[in-house]
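Convention: sequence-line order gives letters A, B, ...; per-chain numbering from 1. Quick note: numbers below take in every heavy atom, side chains included, and nothing from hydrogens, waters or symmetry partners.
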Amino acid sequence: MSTDKLPTRSENFSEWYNQVIQRAEMADYAPVRGCMVVRPYGWALWENIQQALDKRFKATGHVNAAFPLFIPMSFLEKEKQHVEGFSPELAVVTIGGGEKLEEPLVVRPTSETIIGYMYSKWIKSYRDLPVLINQWGNVVRWEMRTRLFLRTLEFYWQEGHTAHATAEEAVEETVRMLNVYTDFAVNEAAVPVIPGKKSETEKFAGAVDSYTIEAMMGDTRALQAGTSHFLGQNFARAFDIQYLDPNNSLQYCWTTSWGLSTRFIGAIIMTHGDDQGLILPPRLAPIQIVVVPIYKNDQEQSKVFAAIQQVENQLSAWRHKIDLRTEVTPGFKFNDWEMRGVPLRIEIGPKDVDNGVVTLARRHLPGKAGKSTLPIDQLSTRIGSILDEIQAALLERATRFRDDHIYDPKNYDELKEIVQNGWAFSWWCGSAECEAKVKEDTKATTRCMPLDQPEGNGSCVVCGKPARRKVYFARAY
RNA sequence: CGGGGCGUGGCGCAGUCCGGCUAGCGCGCUUGCAUGGGGUGCAAGAGGUCGGAGGUUCAAAUCCUCUCGCCCCGACCA
C-alpha cells in the first residue's frame, strides 16, 4: 500500500473516493468486473448500520425472514412497469447441474415478485394483515458503470415488504419507513438528508409513489441514500394478493417496499471524509477510539504501558483498539488511523504520563486544532460526551455544507449555473418535459419534492407555467 | 454498441517504435541494526520470465496473426 498522500478532494474527488476506500481497507475490487469484496473493516461498519436499522425495524413491528436468490423469469414479467425497468440489468441463470433449465431463473434484482407470490399464499383474511417482513440480503443488477459501494453488480441491502388492508395504511407505512431512514441517517450516520417524493420519471419501476432520502456529497452531487415505495395494488394484482374483508368480500392488498443498501457506506465516506481520509461518525465507527503509545526505550515503555493499562480499564464501554505495533512509528500510526476515520485518538507518551494526562486528537479537526489533554482518571467520565460532541459536530458541519450549496435560482440560466456546483431548489410545474430539458442541458435530474413544502405557489423555473411544488434539481450519482 | 488506452514480481511503472548480455526501477514484503511526540534511516534478502495461443527468426517482453481480460470517455442505467 502506497504511503503517498491521497489526491485531494478538490483536485479529483472520485479518485480520492476510490483510494480512500482501498487504503482504509473498506473494500477491494473482485476478479469479476463491477464486483467488490467488502473487507472486514467495511463489513464492520455495515454491521453497525444493520444493527441501528434493524433495531428501528423491530421497534416498528417488523420481523425478518429470508427469501430465495432465484426467481422464475415469468415472475418478473407479471408486472409491466417492473419488467421494463429491470430487464436490461438482469442476470439470468439458464443452466443448472449441467442441464438447460425449462425456465430461466433470474438472480433477484429486488424481491417484490417472489415475495408477492408468497404473500398471495399466506394472506387469506383481513385478520392476516398487515404483513410486515424485512429481509437482509444481496441482490444483483447488471450495471454498465460501477463504483465501489455506490453501484456494483452485486450489493448488500435490506428490503422491507409489507401488505396492508387499505391504501391509507400502506401510505402511512411508506412514510413511516422513510422517517425511519431519515432518523437513522441523521442521528446515527450524521448524514443530513432531505426526505421527499420522487417525480414520475424517477420513481421505482412498478411503484405508485416513490419516496427517497437524498444526501449531498462532498462534491455537491446528490446521492439517493434510501427509498420507500408505495406500490398501490400493482403487485397485489399481478400476484393475486387478496384477502376477505369483514364483509366477506374479496379485496386486493396494498403493498409497500423499502430498501437501504451498502451504498449508504459511500454516502458516509463522501459526506464526512477529508483530505486525510475517512471520518466515521462515532455511533457507527467500527473503532471509536484508538490508543497510540509513544516511547523510545524500555524504561519509557514500561511507564507508558502502565498508563495504557489504566486507560484501557476505562474504555471497556466503547469499541476501542490499542495499537501496539512496534514496526511503525507513532507518526505513521496517526496517519494510518486517520485514513481509517477513527473519530478519537488517545496518545500516551512519557510527557503525558509525567503530567498525569493523555493527549486526545479529534479526527474531524486535523492537526493541532483537534488536540487537547485530559487527566487520565477522567477518561471514563468524559469519553462518552466527547464522542457525542464529535457526532454532533459532524452533523452540524455536513448540514452547513449542504445548506451553503442549495440555492433558489431566479431564472433558468441561473439554475443551469447552480447545478454545476450545488443544488437548485425551485418551483416546478411537474411536467416530464421540463425535467428532460434540465437533464439535457445540465445532466441534473429532479431529486425529490420535500415533504414539507413552502407555503403558496410559484412559476416553473423551466417553462414559467404555474407550479404548486418545489423540487430539488441536482447532478446525482 | 461507438471512440480511446492498457495487460511486464503483491502494487505502480520503464523497457516494445529500431528484436540481441543474467528483464530493470519505486513502493510494499522478509531479516538485522539504529530510530521512535506527525507517513523513520541504513544494510542485506525473497519475489517475475513479460495476459494467452500460434507464427517469423540463429535469437522475441520487443515483429506478425488470432484471442482473452481490464480501464477511461460516450450511449445506457441508477
Lys/Arg-Asp/Glu bridge criterion (N-O < 4.0 Å) met for Arg345(A), Glu347(A):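 Salt bridge: yes.
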Residues Glu300(A), Lys303(A): salt bridge by 4.0 Å N-O rule: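 No salt bridge links Glu300(A) with Lys303(A).
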[N] versus [M] - spacing of their [atom1] atoms, nearest Å:
{"N": "rC18(B)", "M": "rC63(B)", "atom1": "P", "value": "8 Å"}
{"N": "rC71(B)", "M": "rU49(B)", "atom1": "P", "value": "24 Å"}
{"N": "rC27(B)", "M": "rA43(B)", "atom1": "P", "value": "12 Å"}
{"N": "rG28(B)", "M": "rC42(B)", "atom1": "P", "value": "12 Å"}
{"N": "rC1(B)", "M": "rG12(B)", "atom1": "P", "value": "27 Å"}
{"N": "rC25(B)", "M": "rC33(B)", "atom1": "C1'", "value": "26 Å"}
{"N": "rA60(B)", "M": "rG54(B)", "atom1": "C1'", "value": "14 Å"}
{"N": "rC13(B)", "M": "rC77(B)", "atom1": "C1'", "value": "34 Å"}

Pairing check on [N]: which nucleotide meets the Watson-Crick or G-U wobble criteria with it, both distances under 3.5 Å?
{"N": "rC25(B)", "value": "rG12(B)"}
{"N": "rG48(B)", "value": "none"}
{"N": "rA59(B)", "value": "none"}
{"N": "rG2(B)", "value": "rC73(B)"}
{"N": "rU65(B)", "value": "rA53(B)"}
{"N": "rG39(B)", "value": "none"}

Students often get this wrong, so: under 4.0 angstrom with heavy atoms, is [X] touching a base, only sugar-phosphate, or nothing?
{"X": "Lys368(A)", "result": "nothing"}
{"X": "Glu338(A)", "result": "base"}
{"X": "Arg345(A)", "result": "base"}
{"X": "Asn297(A)", "result": "nothing"}

Side-chain donor or acceptor of His229(A) paired with backbone N/O of Ser257(A) under 3.5 Å: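 Checked: no pair found.
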Any donor-acceptor pair under 3.5 Å from Tyr181(A) side chain to Gly259(A) backbone: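 Looks like yes, one N/O pair under 3.5 Å.
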For the pair made of [atom1] in [X] and [atom2] in [N], what is the distance, rounded to whole Å?
{"X": "Lys333(A)", "N": "rG38(B)", "atom1": "NZ", "atom2": "C1'", "result": "13 Å"}
{"X": "Glu202(A)", "N": "rA78(B)", "atom1": "CD", "atom2": "C1'", "result": "8 Å"}
{"X": "Arg475(A)", "N": "rA78(B)", "atom1": "CZ", "atom2": "C1'", "result": "16 Å"}
{"X": "Glu15(A)", "N": "rG12(B)", "atom1": "CD", "atom2": "P", "result": "12 Å"}
{"X": "Asn18(A)", "N": "rC72(B)", "atom1": "CG", "atom2": "P", "result": "8 Å"}
{"X": "Asn12(A)", "N": "rC72(B)", "atom1": "CG", "atom2": "C1'", "result": "12 Å"}
{"X": "Gln19(A)", "N": "rC71(B)", "atom1": "CD", "atom2": "P", "result": "16 Å"}
{"X": "Arg151(A)", "N": "rC76(B)", "atom1": "CZ", "atom2": "P", "result": "14 Å"}

[X] side chain: which of [options] is closest?
{"X": "Glu347(A)", "options": "rG36(B), rG38(B), rG39(B)", "result": "rG38(B)"}
{"X": "Gln224(A)", "options": "rG38(B), rA78(B), rG39(B)", "result": "rA78(B)"}
{"X": "Pro330(A)", "options": "rG38(B), rG37(B), rC77(B)", "result": "rG37(B)"}
{"X": "Met144(A)", "options": "rG36(B), rC76(B), rU40(B)", "result": "rC76(B)"}
{"X": "Lys296(A)", "options": "rC77(B), rG36(B), rG39(B)", "result": "rG36(B)"}

Lys443(A) side-chain N/O to rA78(B) phosphate OP1/OP2 under 4.0 Å: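 Answer is no, no contact under 4.0 Å.
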Contact under 4.0 Å: Thr329(A) side-chain N or O vs rU40(B) OP1/OP2: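 True: Thr329(A) side-chain N/O within range (under 4.0 Å) of rU40(B) OP1/OP2.
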Interatomic distance, Gln158(A) atom CD to Thr262(A) atom OG1 [nearest 0.5 angstrom]: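 Atom-to-atom, Gln158(A):CD and Thr262(A):OG1 are 11.0 Å apart.
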Trace of the salt bridge (Lys or Arg N to Asp or Glu O under 4.0 Å) decision for Lys197(A) with Asp209(A): CA-CA 7 Å; Lys197(A) 195 170 173 178; Asp209(A) 286 317; 3.6 Å; yes
Residue mapping more 5' on RNA chain B - nearest nucleotide basis, Val353(A) or Tyr477(A):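 Result: Val353(A).
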5' precedence on RNA chain B between Glu143(A) and Tyr29(A) (nearest-nucleotide basis):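 First, find each residue's nearest nucleotide; the 5'-ward one identifies Tyr29(A).
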Distance-only donor-acceptor test (3.5 Å): side chain Asp352(A), base rG37(B):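 A donor-acceptor contact between them is present.
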Within-4.5 Å side-chain heavy-atom neighbours: Glu159(A) and Thr110(A):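 When only atoms from C-beta onward are counted, Thr110(A) and Glu159(A) do touch, with a gap below 4.5 Å.
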Note, Leu280(A) side chain near Tyr41(A) side chain (heavy atom, < 4.5 Å):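 SC-SC contact between Leu280(A) and Tyr41(A) confirmed.
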